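Input: a single structure, listed below in structure tokens.
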Amino acid sequence: MATTVGTESTIQDLVENLILLEHDAIAAYESAIERLSDTALSAQVADFRQDHLQHLDVLQEIAAETGAEAPAEGDMKQMLTTGKVVLADLMGDGAILKAMKTNEDDTVTAYERASTHQDAVDKSRTFFEKALEDERRHRDWMQRTAETL
């Protein structure tokens with residue numbers, strides 16, 4: 001499912017939706033970590049989860065600075081992001097990583113858009129660009145690794 005995050009008209013709405021997206025991503029990561037049978041894969045996915053936790057921390061700071069809402073948990077999309085992982089578990093580690101890759105497609109798109117948002121100031125733009133690099137790295141690893149399994 002394609003995301004609309006990054007198309008918001010205000011920085012406050014953008015930050016709020018990025019926070020929701022990060023909560024959803026973290027939940028999907030936790031689901032994947034507990035389902036992956038290969039401990040090396042699970043460890044790498046856990047490292048990527050740490051990036052998402054760090055993104056969430058920074059987004060919460062930006063929310064405080066901009067007056068944006070900072071949701072404490074994900075939204076209904078969380079059922080989709082984690083549900084894909086649960087279903088993929090039936091087909092093994094490669095399928096789990098492919099499901100996670102599709103989730104990362106959304107975070108890459110969201111941060112690509114966020115990095116060019118008209119209301120982003122230097123500090124937020126720098127963070128959005130760093131988060132985008134992280135998300136691309138996650139997505140690329142999941143794609144490459146899934147193809148080898």
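Only a predicted model underlies this, so the values are computations on that prediction, with no experimental measurement involved.
Taking the side-chain contact (heavy atoms from CB on, under 4.5 Å) definition, one finds that Thr116 meets it with nothing, sequence neighbours left out. For Arg137, the side chain to side chain donor-acceptor pair (under 3.5 Å) partners at least two apart in sequence or on another chain are Asp51, Asp134. Judged as a side-chain contact (heavy atoms from CB on, under 4.5 Å), and not counting sequence neighbours, the contacts of Ala63 are Val15, Ile19, Ala68, Ala70. For Glu69, there are no salt bridge (Lys or Arg N to Asp or Glu O under 4.0 Å) partners two or more places apart in sequence or in a different chain. For Gln143, the side chain to side chain donor-acceptor pair (under 3.5 Å) test picks out Glu147, with sequence neighbours left out. Taking the salt bridge (Lys or Arg N to Asp or Glu O under 4.0 Å) definition, one finds that Lys101 meets it with Asp105, sequence neighbours left out. Applying the side chain to side chain donor-acceptor pair (under 3.5 Å) test to Asp119 and every residue at least two apart in sequence or in another chain returns nothing. In this structure Glu129 satisfies the salt bridge (Lys or Arg N to Asp or Glu O under 4.0 Å) test with no other residue, sequence neighbours excluded. For Gln50, the side-chain contact (heavy atoms from CB on, under 4.5 Å) partners are Leu53, not counting sequence neighbours. By the side chain to side chain donor-acceptor pair (under 3.5 Å) test, Arg139 pairs with no residue at all, sequence neighbours left out.
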Solution key, residues 36-44 side-chain donor-acceptor pairs under 3.5 Å, sequence neighbours excluded:
from	atom 1	to	atom 2	distance (Å)
Ser37	OG	Asp93	OD1	3.3
Ser37	OG	Asp93	OD2	2.9
Asp38	OD1	Ala40	N	2.8
Asp38	OD1	Leu41	N	3.2
Ser42	OG	Ile33	O	3.2

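Atoms CG and NE2, on Leu97 and His138 in that order, are 13.0 Å from each other to the nearest 0.5 Å. Here the straight-line distance linking atom OG1 of Thr10 with atom CD of Gln118 works out to 8.5 Å at 0.5 Å rounding. Summarising the geometry, atom CG belonging to Asn17 is positioned 7.0 Å from atom OG1 belonging to Thr4; distances are rounded to the nearest 0.5 Å. The structure places CD of Glu112 at 4.5 Å from CZ of Arg136, a figure rounded to the nearest 0.5 Å. The line from OG1 of Thr109 to CD of Glu104 is 10.5 Å long, rounded to the nearest 0.5 Å.
The minimum heavy-atom distance between Gly67 and Gln12, with the atom names listed, is C-CG, 4.1 Å. Listed here is the closest heavy atom pair of Thr3 and Ala110: CG2-N, 4.3 Å. Looking at every heavy atom in both residues, Asp106 comes nearest to Ala2 through OD1-CA, 3.9 Å. Considering all non-hydrogen atoms of both residues, His117 and Gly6 come closest at CD2-O, 4.3 Å.
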TODO: Tell me, with the steps shown, if Met100 and Phe48 meet side-chain contact (heavy atoms from CB on, under 4.5 Å).
DONE: CA-CA 11 Å; Met100 290 297 293; Phe48 292 158; over 6 Å; no
Open item on the list: Run the side-chain contact (heavy atoms from CB on, under 4.5 Å) test on Phe128 and Arg113 for me, step by step, so that the C-alpha distance in whole Å, both residues' side-chain angles and the decisive distance to 0.1 Å come before the verdict.
Closed with: CA-CA 9 Å; Phe128 296 151; Arg113 291 174 182 155; over 6 Å; no
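Side-chain atoms of Ser124 do not come within 3.5 Å of backbone N or O of Ala120 as any donor-acceptor pair.
Here the options are His52, Glu22, Glu135, the test is side-chain hydrogen bond (donor to acceptor under 3.5 Å, both in side chains), and the partner is Thr107; only Glu135 passes. Tested against Phe127 for a side-chain contact (heavy atoms from CB on, under 4.5 Å), the candidates Val58, Asp122, Leu132 yield a single pass: Val58.
Note on ring orientation: taking the six-membered ring where Trp is involved, the planes of Tyr111 and His55 are perpendicular (angle over 60°, cut-offs 30° and 60°).
The hydrophobic cluster containing Leu59 does not contain Val121, counting ILVMFWY residues as joined when their side-chain heavy atoms lie under 4.5 angstrom apart, directly or transitively.
Within the structure, every pair that satisfies the salt bridge (charged side-chain N to carboxylate O under 4.0 Å, His left out) test and touches residues 52-66, not counting sequence neighbours, is listed here: Glu65-Lys123.
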